2 protein chains.
Amino acid sequence: MARNDQNHTTQERLLNEAEILFAEKGYHAVSVREITKAADCNLAAVNYHFGNKQNLYLEVFRSRWAPRARRLQEHVKNSLAAQSHFSAAAMVKAIAQAFLEGPLSEDEQLRHYQLITREMAHPTEAFELVAKDVMRPAFRELADGLRSVMPEGMSEERLMLNILSIFGMVLYFNFARVAVTHMIGCQYDQAFKARLVEHITDFSLTGLGIGKEEEPR
Amino acid sequence: MARNDQNHTTQERLLNEAEILFAEKGYHAVSVREITKAADCNLAAVNYHFGNKQNLYLEVFRSRWAPRARRLQEHVKNSLAAQSHFSAAAMVKAIAQAFLEGPLSEDEQLRHYQLITREMAHPTEAFELVAKDVMRPAFRELADGLRSVMPEGMSEERLMLNILSIFGMVLYFNFARVAVTHMIGCQYDQAFKARLVEHITDFSLTGLGIGKEEEPR
DNA sequence: ATTCATATCAAACGAACGTTTGATTGTCAA
DNA sequence: TTGACAATCAAACGTTCGTTTGATATGAAT
(Lines give C-alpha, C1' and ligand atoms only; values in the text may rest on other atoms or scores of the structure.)
Protein backbone atom coordinates (compact mmCIF):
# COMPACT_ATOMS: atom_id res chain seq x y z
CA MET A 1 0.00 0.00 0.00
CA ALA A 2 1.70 3.16 -1.15
CA ARG A 3 2.06 5.76 1.57
CA ASN A 4 3.85 8.96 0.70
CA ASP A 5 4.23 10.28 4.24
CA GLN A 6 6.93 7.99 5.55
CA ASN A 7 5.45 5.83 8.30
CA HIS A 8 2.71 8.20 9.44
CA THR A 9 -0.52 6.51 10.27
CA THR A 10 -3.78 7.39 8.57
CA GLN A 11 -4.94 9.08 11.76
CA GLU A 12 -1.88 11.30 11.86
CA ARG A 13 -2.08 12.19 8.19
CA LEU A 14 -5.73 13.09 8.62
CA LEU A 15 -4.95 15.38 11.55
CA ASN A 16 -2.09 17.03 9.67
CA GLU A 17 -4.04 17.71 6.51
CA ALA A 18 -7.19 18.66 8.40
CA GLU A 19 -5.31 21.29 10.38
CA ILE A 20 -3.83 22.80 7.24
CA LEU A 21 -7.17 22.95 5.48
CA PHE A 22 -9.25 24.10 8.46
CA ALA A 23 -6.72 26.87 9.15
CA GLU A 24 -6.68 27.97 5.55
CA LYS A 25 -10.39 27.88 4.77
CA GLY A 26 -12.37 27.43 7.95
CA TYR A 27 -14.51 24.55 9.10
CA HIS A 28 -17.49 24.86 6.77
CA ALA A 29 -15.45 25.65 3.68
CA VAL A 30 -13.57 22.36 3.92
CA SER A 31 -15.22 19.06 3.01
CA VAL A 32 -14.43 15.62 4.35
CA ARG A 33 -13.71 14.55 0.79
CA GLU A 34 -11.10 17.30 0.47
CA ILE A 35 -9.38 16.24 3.69
CA THR A 36 -9.31 12.54 2.92
CA LYS A 37 -8.02 13.25 -0.56
CA ALA A 38 -5.18 15.38 0.86
CA ALA A 39 -4.41 12.66 3.40
CA ASP A 40 -4.51 10.07 0.62
CA CYS A 41 -7.01 7.78 2.30
CA ASN A 42 -10.57 6.62 1.95
CA LEU A 43 -13.54 8.92 2.48
CA ALA A 44 -14.81 6.79 5.33
CA ALA A 45 -11.57 7.10 7.29
CA VAL A 46 -12.66 10.30 9.04
CA ASN A 47 -15.76 8.64 10.43
CA TYR A 48 -13.91 5.45 11.27
CA HIS A 49 -11.08 7.13 13.18
CA PHE A 50 -12.81 10.21 14.59
CA GLY A 51 -16.53 9.49 14.49
CA ASN A 52 -17.41 12.56 12.45
CA LYS A 53 -16.08 15.76 10.93
CA GLN A 54 -16.76 17.91 13.99
CA ASN A 55 -14.77 15.57 16.20
CA LEU A 56 -11.83 15.62 13.79
CA TYR A 57 -11.89 19.41 14.09
CA LEU A 58 -11.84 19.20 17.89
CA GLU A 59 -9.05 16.63 17.79
CA VAL A 60 -6.95 19.04 15.71
CA PHE A 61 -7.11 21.50 18.59
CA ARG A 62 -6.54 18.82 21.20
CA SER A 63 -3.60 17.05 19.61
CA ARG A 64 -2.05 19.75 17.43
CA TRP A 65 -2.93 23.28 18.52
CA ALA A 66 -2.76 22.87 22.30
CA PRO A 67 0.65 21.14 22.39
CA ARG A 68 2.07 23.79 20.10
CA ALA A 69 0.69 26.56 22.30
CA ARG A 70 2.33 24.87 25.27
CA ARG A 71 5.62 24.71 23.34
CA LEU A 72 5.37 28.45 22.77
CA GLN A 73 4.68 29.03 26.44
CA GLU A 74 7.74 26.96 27.37
CA HIS A 75 9.82 28.94 24.90
CA VAL A 76 8.83 32.20 26.56
CA LYS A 77 9.49 30.75 30.00
CA ASN A 78 12.96 29.55 29.01
CA SER A 79 13.82 32.90 27.46
CA LEU A 80 12.90 34.62 30.70
CA ALA A 81 14.71 32.09 32.85
CA ALA A 82 17.90 32.87 30.92
CA GLN A 83 17.71 36.50 32.04
CA SER A 84 19.67 37.46 35.12
CA HIS A 85 16.95 39.81 36.26
CA PHE A 86 13.32 40.03 35.30
CA SER A 87 12.20 43.14 33.45
CA ALA A 88 9.13 44.23 31.53
CA ALA A 89 11.26 44.81 28.46
CA ALA A 90 12.62 41.29 28.57
CA MET A 91 9.15 39.88 29.01
CA VAL A 92 7.58 41.73 26.11
CA LYS A 93 10.47 40.93 23.85
CA ALA A 94 10.38 37.26 24.85
CA ILE A 95 6.70 37.08 23.96
CA ALA A 96 7.02 38.89 20.66
CA GLN A 97 10.05 36.87 19.68
CA ALA A 98 8.56 33.52 20.64
CA PHE A 99 5.42 34.18 18.65
CA LEU A 100 7.06 35.68 15.57
CA GLU A 101 10.54 34.22 15.40
CA GLY A 102 10.14 31.33 17.82
CA PRO A 103 10.28 27.57 17.40
CA LEU A 104 7.47 27.47 14.85
CA SER A 105 8.04 27.29 11.14
CA GLU A 106 6.50 29.92 8.93
CA ASP A 107 3.61 27.65 7.96
CA GLU A 108 3.03 26.40 11.50
CA GLN A 109 2.79 29.99 12.72
CA LEU A 110 0.22 30.96 10.15
CA ARG A 111 -1.88 27.86 10.83
CA HIS A 112 -1.69 28.42 14.57
CA TYR A 113 -3.01 31.97 14.46
CA GLN A 114 -5.58 31.42 11.77
CA LEU A 115 -7.14 28.58 13.74
CA ILE A 116 -7.39 30.51 17.00
CA THR A 117 -8.49 33.73 15.30
CA ARG A 118 -11.50 31.96 13.83
CA GLU A 119 -12.33 30.54 17.22
CA MET A 120 -12.01 33.91 18.94
CA ALA A 121 -14.27 35.62 16.44
CA HIS A 122 -16.84 32.83 16.59
CA PRO A 123 -16.11 30.38 19.39
CA THR A 124 -17.11 26.74 19.22
CA GLU A 125 -16.44 23.88 21.62
CA ALA A 126 -12.81 24.02 20.47
CA PHE A 127 -12.32 27.44 22.03
CA GLU A 128 -13.64 26.32 25.41
CA LEU A 129 -11.18 23.46 25.20
CA VAL A 130 -8.01 25.44 24.58
CA ALA A 131 -9.11 28.44 26.67
CA LYS A 132 -9.51 26.31 29.76
CA ASP A 133 -6.53 24.00 29.28
CA VAL A 134 -3.97 26.32 27.71
CA MET A 135 -4.78 29.99 27.33
CA ARG A 136 -6.09 30.87 30.75
CA PRO A 137 -3.19 29.24 32.65
CA ALA A 138 -0.66 30.89 30.33
CA PHE A 139 -2.26 34.32 30.70
CA ARG A 140 -2.39 33.95 34.45
CA GLU A 141 1.28 33.09 34.61
CA LEU A 142 2.23 36.04 32.42
CA ALA A 143 0.07 38.37 34.48
CA ASP A 144 1.76 37.22 37.67
CA GLY A 145 5.14 37.85 36.09
CA LEU A 146 4.09 41.28 34.95
CA ARG A 147 2.74 42.19 38.36
CA SER A 148 6.22 42.06 39.85
CA VAL A 149 7.52 44.75 37.52
CA MET A 150 4.50 47.05 37.49
CA PRO A 151 3.65 49.73 40.04
CA GLU A 152 2.26 48.17 43.20
CA GLY A 153 -1.47 48.07 43.67
CA MET A 154 -2.29 47.83 39.97
CA SER A 155 -5.71 46.24 39.67
CA GLU A 156 -6.08 42.72 38.37
CA GLU A 157 -8.11 44.04 35.44
CA ARG A 158 -5.44 46.53 34.33
CA LEU A 159 -2.86 43.82 34.60
CA MET A 160 -4.92 41.49 32.42
CA LEU A 161 -5.68 44.23 29.92
CA ASN A 162 -1.96 44.84 29.53
CA ILE A 163 -1.25 41.16 28.92
CA LEU A 164 -4.20 40.92 26.54
CA SER A 165 -2.94 43.94 24.65
CA ILE A 166 0.54 42.53 24.15
CA PHE A 167 -0.90 39.21 23.09
CA GLY A 168 -3.45 41.01 20.93
CA MET A 169 -0.79 42.88 19.01
CA VAL A 170 1.14 39.69 18.34
CA LEU A 171 -2.04 37.92 17.27
CA TYR A 172 -3.10 40.82 15.09
CA PHE A 173 0.21 41.14 13.27
CA ASN A 174 0.05 37.44 12.59
CA PHE A 175 -3.48 36.82 11.44
CA ALA A 176 -3.79 40.12 9.61
CA ARG A 177 -0.64 39.57 7.57
CA VAL A 178 -2.44 40.10 4.32
CA ALA A 179 -3.92 43.37 5.52
CA VAL A 180 -0.59 44.57 6.90
CA THR A 181 1.28 43.82 3.70
CA HIS A 182 -1.49 45.52 1.75
CA MET A 183 -1.11 48.68 3.83
CA ILE A 184 2.66 48.74 4.16
CA GLY A 185 3.50 47.08 0.90
CA CYS A 186 6.17 44.55 1.82
CA GLN A 187 6.56 40.84 2.41
CA TYR A 188 6.64 39.03 5.75
CA ASP A 189 10.24 37.96 5.27
CA GLN A 190 12.78 37.40 8.01
CA ALA A 191 13.95 40.99 8.00
CA PHE A 192 10.47 42.44 8.23
CA LYS A 193 9.56 40.06 11.03
CA ALA A 194 12.60 41.23 12.98
CA ARG A 195 11.51 44.84 12.51
CA LEU A 196 8.03 43.80 13.56
CA VAL A 197 9.33 42.24 16.79
CA GLU A 198 11.19 45.46 17.45
CA HIS A 199 8.11 47.53 16.77
CA ILE A 200 5.81 45.40 18.92
CA THR A 201 8.32 45.50 21.75
CA ASP A 202 8.73 49.25 21.53
CA PHE A 203 5.04 49.90 21.16
CA SER A 204 4.12 47.65 24.07
CA LEU A 205 6.69 49.33 26.29
CA THR A 206 6.37 52.97 25.33
CA GLY A 207 3.40 53.20 22.98
CA LEU A 208 3.91 56.00 20.53
CA GLY A 209 6.68 57.13 22.83
CA ILE A 210 5.55 60.70 23.18
CA GLY A 211 3.60 60.49 26.39
CA LYS A 212 0.19 61.89 27.10
CA GLU A 213 -0.42 65.55 26.41
CA GLU A 214 -3.00 67.64 28.17
CA GLU A 215 -5.89 68.55 25.94
CA PRO A 216 -6.74 72.26 26.08
CA ARG A 217 -10.21 73.16 27.19
CA MET B 1 -48.56 41.25 0.14
CA ALA B 2 -47.61 41.42 3.78
CA ARG B 3 -44.23 42.97 4.48
CA ASN B 4 -43.16 43.24 8.09
CA ASP B 5 -40.24 45.63 7.58
CA GLN B 6 -42.15 48.86 6.94
CA ASN B 7 -41.52 49.90 3.35
CA HIS B 8 -38.12 48.27 2.90
CA THR B 9 -37.67 46.65 -0.46
CA THR B 10 -36.79 43.00 -0.85
CA GLN B 11 -33.30 44.00 -1.93
CA GLU B 12 -32.75 46.02 1.22
CA ARG B 13 -34.13 43.33 3.50
CA LEU B 14 -31.87 40.78 1.84
CA LEU B 15 -28.81 42.97 2.37
CA ASN B 16 -29.74 43.61 6.00
CA GLU B 17 -30.32 39.99 6.91
CA ALA B 18 -27.39 38.77 4.83
CA GLU B 19 -25.02 41.09 6.67
CA ILE B 20 -26.25 39.90 10.05
CA LEU B 21 -25.92 36.25 9.13
CA PHE B 22 -22.61 36.51 7.25
CA ALA B 23 -21.10 38.42 10.17
CA GLU B 24 -22.38 35.94 12.70
CA LYS B 25 -21.53 32.68 10.93
CA GLY B 26 -19.32 33.40 7.96
CA TYR B 27 -19.99 32.99 4.26
CA HIS B 28 -20.00 29.20 3.96
CA ALA B 29 -21.94 28.56 7.15
CA VAL B 30 -24.92 30.57 5.90
CA SER B 31 -27.25 29.22 3.23
CA VAL B 32 -29.29 31.18 0.73
CA ARG B 33 -32.38 29.52 2.18
CA GLU B 34 -31.51 30.87 5.63
CA ILE B 35 -31.06 34.40 4.30
CA THR B 36 -34.24 34.47 2.25
CA LYS B 37 -36.21 33.06 5.16
CA ALA B 38 -34.86 35.78 7.48
CA ALA B 39 -35.67 38.40 4.86
CA ASP B 40 -39.13 36.87 4.43
CA CYS B 41 -38.92 36.44 0.69
CA ASN B 42 -38.67 33.74 -1.90
CA LEU B 43 -35.60 31.56 -2.30
CA ALA B 44 -35.07 32.79 -5.85
CA ALA B 45 -34.90 36.44 -4.79
CA VAL B 46 -31.15 36.32 -4.12
CA ASN B 47 -30.42 35.16 -7.64
CA TYR B 48 -32.96 37.55 -9.14
CA HIS B 49 -31.66 40.67 -7.38
CA PHE B 50 -27.97 39.86 -6.99
CA GLY B 51 -27.21 37.14 -9.51
CA ASN B 52 -25.79 34.72 -6.97
CA LYS B 53 -24.81 34.26 -3.33
CA GLN B 54 -21.23 35.47 -3.79
CA ASN B 55 -22.41 38.72 -5.32
CA LEU B 56 -24.84 39.31 -2.45
CA TYR B 57 -21.87 38.94 -0.11
CA LEU B 58 -19.88 41.49 -2.08
CA GLU B 59 -22.83 43.85 -2.17
CA VAL B 60 -23.02 43.68 1.64
CA PHE B 61 -19.51 45.12 1.76
CA ARG B 62 -20.19 47.65 -0.98
CA SER B 63 -23.48 49.02 0.28
CA ARG B 64 -23.32 48.36 4.03
CA TRP B 65 -19.76 47.93 5.33
CA ALA B 66 -17.98 50.58 3.29
CA PRO B 67 -20.44 53.41 4.04
CA ARG B 68 -20.31 52.57 7.72
CA ALA B 69 -16.52 52.61 7.69
CA ARG B 70 -16.66 56.03 6.05
CA ARG B 71 -19.08 57.20 8.74
CA LEU B 72 -16.54 56.11 11.36
CA GLN B 73 -13.78 57.93 9.54
CA GLU B 74 -15.89 61.09 9.44
CA HIS B 75 -16.59 60.73 13.15
CA VAL B 76 -12.86 60.64 13.91
CA LYS B 77 -12.23 63.59 11.63
CA ASN B 78 -14.94 65.66 13.31
CA SER B 79 -13.65 64.82 16.78
CA LEU B 80 -10.21 66.00 15.77
CA ALA B 81 -11.52 69.14 14.07
CA ALA B 82 -13.17 70.12 17.35
CA GLN B 83 -9.77 70.20 19.05
CA SER B 84 -8.03 73.55 19.21
CA HIS B 85 -4.66 71.93 18.64
CA PHE B 86 -3.72 68.58 17.25
CA SER B 87 -2.07 66.10 19.59
CA ALA B 88 -1.25 62.42 19.52
CA ALA B 89 -3.34 61.87 22.64
CA ALA B 90 -6.37 63.46 21.05
CA MET B 91 -5.90 61.39 17.94
CA VAL B 92 -5.62 58.05 19.69
CA LYS B 93 -8.56 58.81 21.94
CA ALA B 94 -10.67 59.93 18.97
CA ILE B 95 -9.97 56.65 17.19
CA ALA B 96 -10.62 54.45 20.21
CA GLN B 97 -13.78 56.34 21.07
CA ALA B 98 -15.17 56.34 17.55
CA PHE B 99 -14.67 52.61 17.19
CA LEU B 100 -15.91 51.60 20.62
CA GLU B 101 -18.34 54.27 21.72
CA GLY B 102 -18.97 55.98 18.41
CA PRO B 103 -22.02 56.37 16.20
CA LEU B 104 -22.54 52.62 15.81
CA SER B 105 -25.00 50.62 17.83
CA GLU B 106 -23.76 47.65 19.79
CA ASP B 107 -24.94 45.22 17.12
CA GLU B 108 -23.64 47.29 14.23
CA GLN B 109 -20.22 47.40 15.85
CA LEU B 110 -20.04 43.65 16.31
CA ARG B 111 -21.16 42.99 12.75
CA HIS B 112 -18.69 45.51 11.36
CA TYR B 113 -15.65 43.93 13.03
CA GLN B 114 -16.66 40.34 12.53
CA LEU B 115 -17.07 40.92 8.82
CA ILE B 116 -13.70 42.58 8.34
CA THR B 117 -11.89 40.19 10.68
CA ARG B 118 -12.94 37.26 8.55
CA GLU B 119 -11.74 39.07 5.46
CA MET B 120 -8.40 39.95 7.02
CA ALA B 121 -7.75 36.38 8.11
CA HIS B 122 -8.79 34.98 4.73
CA PRO B 123 -9.27 37.71 2.15
CA THR B 124 -11.67 37.38 -0.73
CA GLU B 125 -12.64 39.85 -3.42
CA ALA B 126 -14.51 41.77 -0.71
CA PHE B 127 -11.29 42.67 1.06
CA GLU B 128 -9.73 44.06 -2.10
CA LEU B 129 -12.82 46.16 -2.50
CA VAL B 130 -12.88 47.82 0.91
CA ALA B 131 -9.09 47.96 1.24
CA LYS B 132 -8.76 49.99 -1.93
CA ASP B 133 -11.81 52.21 -1.52
CA VAL B 134 -11.93 52.74 2.24
CA MET B 135 -9.15 51.38 4.38
CA ARG B 136 -6.07 52.52 2.52
CA PRO B 137 -7.24 56.15 2.15
CA ALA B 138 -8.25 56.25 5.82
CA PHE B 139 -4.93 54.83 6.97
CA ARG B 140 -3.03 57.26 4.80
CA GLU B 141 -4.91 60.21 6.24
CA LEU B 142 -4.31 59.05 9.80
CA ALA B 143 -0.63 58.47 9.09
CA ASP B 144 -0.31 61.99 7.71
CA GLY B 145 -1.96 63.35 10.82
CA LEU B 146 0.33 61.35 13.04
CA ARG B 147 3.42 62.46 11.18
CA SER B 148 2.90 66.04 12.32
CA VAL B 149 3.11 65.09 15.98
CA MET B 150 5.86 62.49 15.79
CA PRO B 151 9.60 63.18 15.82
CA GLU B 152 10.76 64.44 12.44
CA GLY B 153 12.27 62.01 10.03
CA MET B 154 10.32 59.01 11.22
CA SER B 155 10.21 56.50 8.40
CA GLU B 156 7.00 55.87 6.51
CA GLU B 157 7.05 52.26 7.70
CA ARG B 158 7.31 53.13 11.38
CA LEU B 159 4.50 55.61 10.93
CA MET B 160 2.30 52.98 9.31
CA LEU B 161 3.19 50.38 11.94
CA ASN B 162 2.06 52.80 14.62
CA ILE B 163 -1.25 53.44 12.93
CA LEU B 164 -1.71 49.74 12.26
CA SER B 165 -1.02 48.99 15.91
CA ILE B 166 -3.60 51.43 17.21
CA PHE B 167 -6.14 50.14 14.71
CA GLY B 168 -5.11 46.57 15.53
CA MET B 169 -5.79 47.03 19.23
CA VAL B 170 -9.22 48.45 18.56
CA LEU B 171 -9.99 45.65 16.12
CA TYR B 172 -8.70 43.03 18.49
CA PHE B 173 -10.70 44.23 21.48
CA ASN B 174 -13.76 44.17 19.31
CA PHE B 175 -13.58 40.89 17.47
CA ALA B 176 -12.06 39.00 20.38
CA ARG B 177 -14.77 40.05 22.82
CA VAL B 178 -15.55 36.50 23.76
CA ALA B 179 -11.92 35.75 24.48
CA VAL B 180 -11.46 38.96 26.46
CA THR B 181 -14.52 38.36 28.61
CA HIS B 182 -13.35 34.78 29.14
CA MET B 183 -9.98 35.99 30.40
CA ILE B 184 -11.12 39.00 32.41
CA GLY B 185 -14.50 37.71 33.41
CA CYS B 186 -16.79 40.65 32.80
CA GLN B 187 -19.37 41.85 30.30
CA TYR B 188 -18.84 44.34 27.48
CA ASP B 189 -21.21 46.84 29.05
CA GLN B 190 -20.99 50.61 28.75
CA ALA B 191 -18.76 50.96 31.80
CA PHE B 192 -16.29 48.32 30.66
CA LYS B 193 -16.14 49.84 27.18
CA ALA B 194 -15.27 53.19 28.71
CA ARG B 195 -12.47 51.58 30.69
CA LEU B 196 -11.38 49.83 27.51
CA VAL B 197 -11.17 53.14 25.64
CA GLU B 198 -9.09 54.50 28.48
CA HIS B 199 -6.82 51.48 28.43
CA ILE B 200 -6.34 51.48 24.66
CA THR B 201 -5.58 55.20 24.74
CA ASP B 202 -3.06 54.82 27.56
CA PHE B 203 -1.46 51.74 26.07
CA SER B 204 -1.14 53.29 22.63
CA LEU B 205 0.44 56.42 24.08
CA THR B 206 2.72 55.04 26.76
CA GLY B 207 2.63 51.25 26.40
CA LEU B 208 3.13 49.64 29.76
CA GLY B 209 4.30 53.03 30.90
CA ILE B 210 7.56 51.88 32.43
CA GLY B 211 9.92 52.57 29.58
CA LYS B 212 12.57 50.35 28.16
CA GLU B 213 15.11 48.90 30.56
CA GLU B 214 18.59 47.85 29.54
CA GLU B 215 19.06 44.11 29.48
CA PRO B 216 22.15 43.00 31.34
CA ARG B 217 24.73 41.11 29.36
C1' DA C 1 -58.11 46.55 -23.32
C1' DT C 2 -53.62 45.33 -24.40
C1' DT C 3 -48.80 45.33 -23.85
C1' DC C 4 -44.73 45.08 -21.42
C1' DA C 5 -41.28 45.06 -17.88
C1' DT C 6 -40.63 44.05 -13.03
C1' DA C 7 -41.14 41.23 -9.17
C1' DT C 8 -42.45 37.21 -6.71
C1' DC C 9 -43.63 32.53 -6.40
C1' DA C 10 -43.62 27.09 -6.03
C1' DA C 11 -41.20 23.57 -7.89
C1' DA C 12 -37.55 21.24 -9.59
C1' DC C 13 -32.56 20.75 -11.12
C1' DG C 14 -27.97 18.51 -10.67
C1' DA C 15 -24.16 18.62 -7.63
C1' DA C 16 -21.94 18.22 -3.34
C1' DC C 17 -22.39 17.30 1.33
C1' DG C 18 -21.62 14.17 5.85
C1' DT C 19 -22.43 9.68 6.97
C1' DT C 20 -23.39 4.57 6.67
C1' DT C 21 -22.95 0.07 4.84
C1' DG C 22 -21.02 -4.31 3.76
C1' DA C 23 -17.30 -6.46 1.56
C1' DT C 24 -12.29 -7.03 1.49
C1' DT C 25 -7.69 -6.89 3.13
C1' DG C 26 -3.62 -7.71 6.21
C1' DT C 27 -1.95 -9.28 10.74
C1' DC C 28 -1.30 -12.16 14.39
C1' DA C 29 -2.54 -15.36 18.10
C1' DA C 30 -4.42 -19.93 18.75
C1' DT D 1 -5.06 -23.49 8.95
C1' DT D 2 -8.24 -21.18 11.25
C1' DG D 3 -10.58 -17.37 13.57
C1' DA D 4 -10.70 -12.77 15.23
C1' DC D 5 -9.80 -8.17 14.85
C1' DA D 6 -8.63 -3.62 13.12
C1' DA D 7 -8.14 -1.01 8.94
C1' DT D 8 -9.36 0.19 4.41
C1' DC D 9 -12.16 0.21 0.49
C1' DA D 10 -16.00 1.25 -3.24
C1' DA D 11 -20.54 2.24 -3.26
C1' DA D 12 -24.59 4.05 -1.84
C1' DC D 13 -27.52 6.57 1.59
C1' DG D 14 -30.61 10.60 2.42
C1' DT D 15 -30.03 15.74 2.86
C1' DT D 16 -28.96 20.06 1.76
C1' DC D 17 -26.81 23.11 -1.23
C1' DG D 18 -26.87 27.10 -5.01
C1' DT D 19 -29.19 27.83 -9.00
C1' DT D 20 -32.74 27.59 -12.78
C1' DT D 21 -37.26 27.32 -14.64
C1' DG D 22 -41.77 28.63 -15.99
C1' DA D 23 -45.97 30.37 -14.20
C1' DT D 24 -48.32 34.18 -11.97
C1' DA D 25 -49.23 38.78 -10.07
C1' DT D 26 -48.66 43.84 -10.35
C1' DG D 27 -48.69 48.42 -12.22
C1' DA D 28 -47.77 51.84 -15.62
C1' DA D 29 -47.69 53.05 -20.58
C1' DT D 30 -49.80 52.56 -25.06
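Order of the sequence lines fixes the chain letters, A, B, ..., with proteins taken first and strands second; residue numbering starts at 1 for each chain. Just so it is clear, the structure is predicted and the values come from calculations on it, not from any experiment. When reading the values below, keep in mind they use all heavy atoms of this one structure, side chains included, and skip hydrogens, waters and symmetry mates.
- Partner B:E19 forms a side chain to side chain contact (heavy atoms under 4.5 Å, CB included) with one of B:E59, B:E24, B:E108, B:R68 and no other, that one being B:R68.
- Not one side-chain nitrogen or oxygen of A:H49 sits closer than 4.0 Å to the OP1 or OP2 atom of D:dA6.
- Looking at A:E119, its side chain does come within 3.5 Å of a backbone N or O of A:F127 through a donor-acceptor pair.
- Taking the centre and axis of the six-membered ring of B:F22, the NZ or CZ atom of B:K53 falls outside the cone set by 45° and 6.0 Å.
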Between protein and nucleotides 17-24 of chain C, what N or O pairs are separated by less than 3.5 Å?
unit_1 : atom_1 : unit_2 : atom_2 : d
C:dC17 : OP1    : A:S31  : OG     : 3.4
C:dG18 : OP1    : A:K53  : NZ     : 2.8
C:dG18 : OP2    : A:V32  : N      : 2.9
C:dG18 : N7     : A:R33  : NH1    : 2.8
C:dG18 : O6     : A:R33  : NH2    : 3.0
C:dT19 : OP2    : A:K53  : N      : 2.9

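- At C:dA7, none of the side-chain N or O atoms of B:T10 fall inside 4.0 Å of OP1 or OP2 (strictly under the cut-off).
- For the side chain to side chain contact (heavy atoms under 4.5 Å, CB included) with B:V92, the lone residue among B:V197, B:V170, B:T201, B:N162 that qualifies is B:T201.
- Looking at A:Q109, its side chain does come within 3.5 Å of a backbone N or O of A:L100 through a donor-acceptor pair.
- The distance between atom CD of B:Q11 and atom P of C:dT6, rounded to the nearest whole Å, is 13 Å.
- Rounded to whole angstrom, the span from the OH atom of B:Y57 across to the C1' atom of D:dG18 amounts to 17 Å.
- Using a 4.5 Å cut-off on side-chain heavy atoms (C-beta onward), B:R136 and A:M183 make contact.
- When rounded to the nearest whole Å, the span between CD of B:E12 and P of C:dA7 equals 13 Å.
- If you measure from atom CZ of A:F50 to atom P of D:dA7, you get 11 Å, rounded to the nearest angstrom.
- Stems are defined here as 3 or more consecutive Watson-Crick or G-U wobble pairs with pairing distances under 3.5 Å; those involving DNA chain C are C:1-30 with D:1-30.
- Atom-to-atom, NE2 of A:H8 to P of D:dA7 comes out at 18 Å; the value is rounded to the nearest Å.
- Using a 4.5 Å heavy-atom cutoff, the side chains of B:R118 and A:H122 are in contact.
- B:V180 has its side chain within reach of B:F192: a pair of non-hydrogen atoms, C-beta onward, lies under 4.5 Å apart.
- One can place CG of A:D40 at 18 Å from P of D:dA7, the figure rounded to the nearest angstrom.
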Margin query: B:Y113 vs B:F175, test: ring-ring contact (aromatic ring centres under 6.0 Å, His included). Steps then yes/no.
Written below: CA-CA 6 Å; B:Y113 294 110; B:F175 90 79; 9.1 Å; no
